[in-house]
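In what follows, every chain begins at residue 1, and chains take the letters A, B, ... in the order their sequences are listed. Keep in mind that this is a model prediction, so the values were computed, not measured.
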Amino acid sequence: MAKHVLRLIAVAYVMFLLVLPVGLIIWQTFGDGLGPFFESLTSPSALHAFKVTLTVAGLAVVANTIFGVGVAILLVRHEFPGKRLLGAFVDLPMAVSPVVVGLALILVYGRFSPVGGLLESWGIQVIFSTPGMVIATVFVAMPLVARSIIPVLEELGDEQEQAAHTLGASRLQTFLRITLPGIRWALGYGLVLCLARSLGEYGAVAVVSGRLVDQTQTLTLLVEERFQNYDQQGAFAAATTLALIAVVTLLLTKLLRPKDRSDGN
Amino acid sequence: MAGGTAAGLGVVVMYLSLIVLIPLAAVVWRSMDDGPGYFWRSITAPDAWAALSLTIGASALVALLNLVMGTIIAWVLVRDRFPGRAVLETIIDLPFALPTIVAGLVLLALYGPQSPLGVNLAYSRVGVVLALMFVTLPFVVRTVQPVLLELDKEMEQAAASLGAGPFQTFRRIILPNLLPAMLSGTALAFTRAIAEFGSTVLISGNLPFKTQVAAVNIFSQIEGDNTTGAAAISTVLLVVALVALVTLDLLQRWGKRRG
C-alpha cells in the first residue's frame, strides 16, 4: 500500500512538473503541422540565431575540452600545493548566477574598463560581440568536461602510462595511445554535457551580448525576444528545437554513461 | 614539483584567472567602489531587499520541497519496479539538459494565462517557486540514489525480524544512512535556486516587490547602468552561495566519516 502511494506521488510530481509542460509545448508547436514550424525556423532572424549559437557553443566546447582534459590530468596525475583549492576553483562557476557572470565580464572586458579599453584600441570588441559570448559560455560550462573524466582517470591508475613512458613513448604519444583511449567514453559524456549547456546558456549571454537582434542573438535569446513580441509560434518553434536537442543530449548521456563504468572495471 | 607540472599549473591558473577569478574579484571590488555605505544602501534599497528576501525565502522553500520529493523519487527509482520506471529514471535529468528560458516557457504554457488546466500562476510568487522546483528537481534524487543503491538490505531485514515496524526501520536504519546525501542534495538545490535567472524571467513577469528575484534585479540594474548597485547584490549572492558550498563540503565529510 505504502509502496503504491509513494510511486503515485513520485510519478505525479514528475508528470505535472516536467512531462506535461514539455509535452504541451511540443504538442502546440506541431499543432498546425510541420509547415509553420519550419517556416518559423527558417526566417532570416532564426537562421542567424542558429549560426551565432553554433559558433559560440562550438568555440566554447573546444576551449572547455582542452582545459577540462588538461586540468583533470593535472588534478589526478600531479602533486602540488593548493591542489584542493584548484579543484574548488574549477567547480566555482557552477555556483555563480549567470547574470553575475555577465556582470563580472562586463566589469573586466567592457569598453569602460582598462582591459576592455586597451583591447578596443587594438580593434578587439569583447562585450556585445562574439568573444564576450564565448567567454561567458566557457565560464558557465567550465567544470563539466573535467568532472566527467576525473573519476575515470582516477580509476584507470597510471601503471600503463608509466609502462609506456619506460618503453620510450613521449608525453604526447602516451596521451594519445594510452590515456585518451582509456577516457574516451567519459570524455564523450563530458563533451555532450558541455555542448548542451553551451547551446542552452541564456542569462550570461543575455548580459554580455547586449541582445542585438540579427547580430548577437542566440537561439535562447530568440525564444525570449519572440515571446515578448507576441510571436508565440516563433518562440515555441525555437523552444521546441532546443527541447529536442535536450532530449537527444539526455539519451546520448545515458548511452555513454554505462560504457564508462564497464570501462573502469 | 616537476617542470611539466609547474608549466601546466601556470597555464591552468592563468586561464582560470582571466575567465573566472579576476572577473569575480572585479564584482566584489566594484561593489565596494563607493564605500561600504553605498554597498549597504544598495542591498537595503526596497526593491533590492525585496528581491533578495524573495530569492532566499523561495530557494529555502524549494530546497525543503526537494529534500522530501527528491528522496521519495530516489526511493521509488531504487526500490520499486513498475512499467515506465526506466523512462522516469531517464527524464529526471531533463532539467539539467533543458535551457532555462525554455523551462520558463514550458511552465508558462501549462500554468500561464492560457493554461489548459485553468491554473494561472503567471506573475505570482507561486510561479517563481514552480520555476525553481523545475530546475532543481534532479539534485536530491541524484545524490540520494547512489547511497540508496549501496544500502545494505540485510540491516533492514534484521530490524524487521527484531520486530521493528516499517516506520521504525525507516527512522532508525534508513534515514540515518541517507541523511548526509539528502542534505548535500538539498544544499546543491539551494545554491542553484538562489542563482537562477532564465526560468523565472517569463513566468514571474519581473514585478519589483512581488515576483522579482535577485538575479533579475541585478539584470535590470545592469540595464540601467547602475553596475555598482548590481555588483553589491551580486556580492551578497556570491557570499550566500559560498556559505552553502562550505556547508555542503562539511556535510560530505561528515557523510564520509559515517560511511
Kindly say whether the aromatic ring centers of A:Phe16 and B:Phe134 come within a distance under 6.0 Å.
no
Pick from A:Leu250, A:Leu242, A:Val108 with the largest number of heavy-atom pairs that fall under 4.5 Å of chain B:
A:Leu250
Against chain B, label A:Val19 side chain, backbone, both or neither, depending on which of its atoms sit under 4.5 Å from a heavy atom there.
side chain
Between A:Leu18 and chain B, which part of the residue has a heavy atom less than 4.5 Å away: side chain, backbone, both or neither?
both
Will you find, in the side chains of B:Asp33 and B:Thr228, an N or O donor that is under 3.5 Å from an N or O acceptor?
no
Proximal component of A:Phe227, with respect to chain B [non-hydrogen, under 4.5 Å]
side chain
Where on B:Met69 is there a heavy atom nearer than 4.5 Å to chain A: the side chain, the backbone, both, or neither?
side chain
Given a strict heavy-atom distance threshold of 4.5 Å, which part of B:Ile19 is in contact with chain A: side chain, backbone, both, or neither?
both
At a heavy-atom separation under 4.5 Å, does B:Ile222 approach chain A through its side chain, its backbone, both, or neither?
side chain
Of the backbone (N, CA, C, O) and the side chain (C-beta and beyond), which part of B:Leu245 lies under 4.5 Å from a heavy atom of chain A, both, or neither?
side chain
Is there side-chain contact between B:Val236 and B:Leu238, with at least one heavy-atom pair below 4.5 Å?
no
Whatever's closer than 4.5 Å to a heavy atom in chain B on A:Phe67 counts as side chain
Please classify the contact between A:Arg171 and chain B as side chain, backbone, both or neither, with a heavy-atom cut-off of under 4.5 Å.
side chain
Of the backbone (N, CA, C, O) and the side chain (C-beta and beyond), which part of B:Ala231 lies under 4.5 Å from a heavy atom of chain A, both, or neither?
both
Go through the atoms of A:Ala2 and report whether side chain, backbone, both or neither lie under 4.5 Å from a heavy atom of chain B.
neither
Residue part contacting chain B, namely of A:Ala63, when any heavy atom lies under 4.5 Å:
both
Part of A:Leu92 lying under 4.5 Å from any heavy atom of chain B
side chain
So, the part of A:Val96 with a heavy atom under 4.5 Å from chain B: the answer is both
Out of B:Leu94, B:Asp249, B:Ile218, which one racks up the most heavy-atom pairs below 4.5 Å with chain A?
B:Leu94
